[in-house]
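All heavy atoms count here, side chains included; hydrogens, waters and symmetry mates do not.
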Amino acid sequence: MGDVHKKGMNADLIENDLENCCRGEDLCQQCRGNACLIGFAKQCVSDYKKAPKKEVDGGTDGIPTTDFRVFNEIELETAIAHILKECKDCKEDHTEDCIINVIRSCYEVGLLGDTHPYEGSSLQYLMYLKDNFPDKAAYIAEIYTSLPSASEL
């Protein structure tokens, strides 16, 4: 459960995406830390960088799903595409508290208003988005397909 991701995670890329999504203290007046979707995800990445574990203790239960602030949609869509590329497509070995799933869920709440089913497959998720959120899915899929896979790096 608490094992290290087999292929790791590009924490720097995710951290950069989180910074791009963060509204900052200028707009929020004060950082809300873990009470913010982006702040919670930032803490997950910070913890991961200190001790790279596959799962976040209490991950999905800790997501502040009542954070209703408006975030930049393009930044969230880009971040979702990036985090989907980080997904290991573990399918039946998928866990809800996987760090990648927790961060994806944070972005998803910010973009779509709630968490949605994820079964450990980026392509299945993209098809789900296409069926349920076609306006968002097109851009996410475009970014996702333009990114190199881990084996191409």
Side-chain angles (χ1 to χ4, degrees), residues 1-23 33-49 52-150 153:
M1 271 196 164
D3 55 330
V4 175
H5 262 299
K6 291 179 180 127
K7 297 178 185 173
M9 178 181 80
N10 186 342
D12 293 335
L13 171 69
I14 305 309
E15 229 172 18
N16 187 57
D17 284 342
L18 288 166
E19 284 303 319
N20 291 339
C21 292
C22 182
R23 296 172 44 90
N34 285 349
C36 166
L37 290 165
I38 302 304
F40 181 78
K42 281 181 175 182
Q43 185 61 53
C44 291
V45 173
S46 176
D47 293 347
Y48 176 85
K49 288 178 92 171
K53 294 184 203 173
K54 178 181 177 181
E55 294 192 9
V56 175
D57 294 332
T60 52
D61 290 337
I63 296 170
T65 56
T66 57
D67 180 9
F68 297 117
R69 280 175 291 141
V70 176
F71 296 93
N72 181 296
E73 288 189 15
I74 297 295
E75 296 295 350
L76 288 171
E77 290 168 351
T78 301
I80 288 173
H82 288 167
I83 201 74
L84 289 176
K85 212 53 156 175
E86 292 297 308
C87 177
K88 308 310 176 210
D89 287 321
C90 53
K91 297 174 181 70
E92 62 274 351
D93 292 330
H94 168 72
T95 62
E96 289 298 304
D97 288 339
C98 165
I99 186 166
I100 291 169
N101 187 62
V102 171
I103 293 169
R104 182 199 54 77
S105 295
C106 289
Y107 294 145
E108 185 178 68
V109 172
L111 183 65
L112 308 174
D114 203 356
T115 59
H116 298 277
Y118 190 80
E119 298 176 15
S121 167
S122 297
L123 293 178
Q124 277 184 311
Y125 182 73
L126 287 168
M127 290 187 314
Y128 170 82
L129 289 178
K130 183 179 178 189
D131 290 344
N132 294 281
F133 302 95
D135 55 323
K136 312 264 186 255
Y139 183 75
I140 293 170
E142 179 183 324
I143 297 298
Y144 178 85
T145 57
S146 73
L147 297 169
S149 66
L153 295 175

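Here the CD-SG distance, from Gln124 to Cys87, works out to 10.0 Å after rounding to the nearest 0.5 Å. The SG atom of Cys106 sits 4.5 Å away from atom CD1 of Ile63, with the distance rounded to the nearest 0.5 Å. Atom-to-atom distance recorded for Leu126:CG and Ile80:CD1 is 10.0 Å, nearest 0.5 angstrom.
Residue-environment remark: CD (Glu119) stays at or below the threshold of 12 foreign heavy atoms within 6.0 Å.
Residue pairs meeting the ring pair (Phe, Tyr, Trp, His ring centres under 6.0 Å) criterion with at least one partner in residues 62-94, sequence neighbours excluded, are His94-Tyr118. Pairs engaging residues 107-117 under the side chain to side chain donor-acceptor pair (under 3.5 Å) rule: Arg104-Glu108, Glu108-Tyr125, His116-Tyr128 [sequence neighbours left out].
Taking Lys49 as the reference, Ala11, Asp12, Glu15, Val45 meet the side-chain contact (heavy atoms from CB on, under 4.5 Å) condition, with sequence neighbours excluded. Scored by the side-chain hydrogen bond (donor to acceptor under 3.5 Å, both in side chains) test, Asp57 finds no partners at all (sequence neighbours excluded). Taking Thr60 as the reference, Asp97 meet the side-chain hydrogen bond (donor to acceptor under 3.5 Å, both in side chains) condition, with sequence neighbours excluded. With sequence neighbours left out, Glu142 forms a salt bridge (charged side-chain N to carboxylate O under 4.0 Å, His left out) with no residue at all.
Counting heavy atoms from C-beta outward, Leu129 and Leu112 have side chains that approach closer than 4.5 Å. Proximity of Ile14 to Ile103: side-chain heavy atoms (C-beta onward) are separated by under 4.5 Å at one or more points. Here the side chains of Leu111 and Ile140 are in contact, with some heavy-atom distance below 4.5 Å. A heavy-atom distance below 4.5 Å is not found between the side chains of Cys36 and Arg23. Counting heavy atoms from C-beta outward, Pro64 and Asn34 have side chains that stay 4.5 Å or more apart. Using a 4.5 Å heavy-atom threshold, the side chains of Lys85 and Leu13 count as separate.
Lys136 contributes no side-chain N or O that, together with a main-chain N or O of Pro134, makes up a donor-acceptor pair within less than 3.5 Å. Judged by distance alone, the side chain of Asp89 and the main-chain N or O of Ser122 form a donor-acceptor pair under 3.5 Å. Using a distance-only test at 3.5 Å, with no hydrogens or angles considered, no donor-acceptor pair links the side chain of Ser46 to the main chain of Lys42. Between the Tyr48 side chain and the Met9 main chain, a donor and an acceptor come within less than 3.5 Å of each other.
Across Ile38 and Cys21, no two heavy atoms sit closer than the pair CD1-CB, 3.7 Å. Residue Cys44 comes nearest to Val56 through the heavy atom pair SG-CG1, 3.9 Å, listed as atom of the first residue, atom of the second, then distance.
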Legend entry - Pair Thr95-Asn101, side-chain contact (heavy atoms from CB on, under 4.5 Å): steps then yes or no: CA-CA 8 Å; Thr95 62; Asn101 187 62; over 6 Å; no
Inset, instruction - Would you check, one step at a time, whether the test side-chain contact (heavy atoms from CB on, under 4.5 Å) holds for Ile99 with Lys53? - result: CA-CA 8 Å; Ile99 186 166; Lys53 294 184 203 173; over 6 Å; no
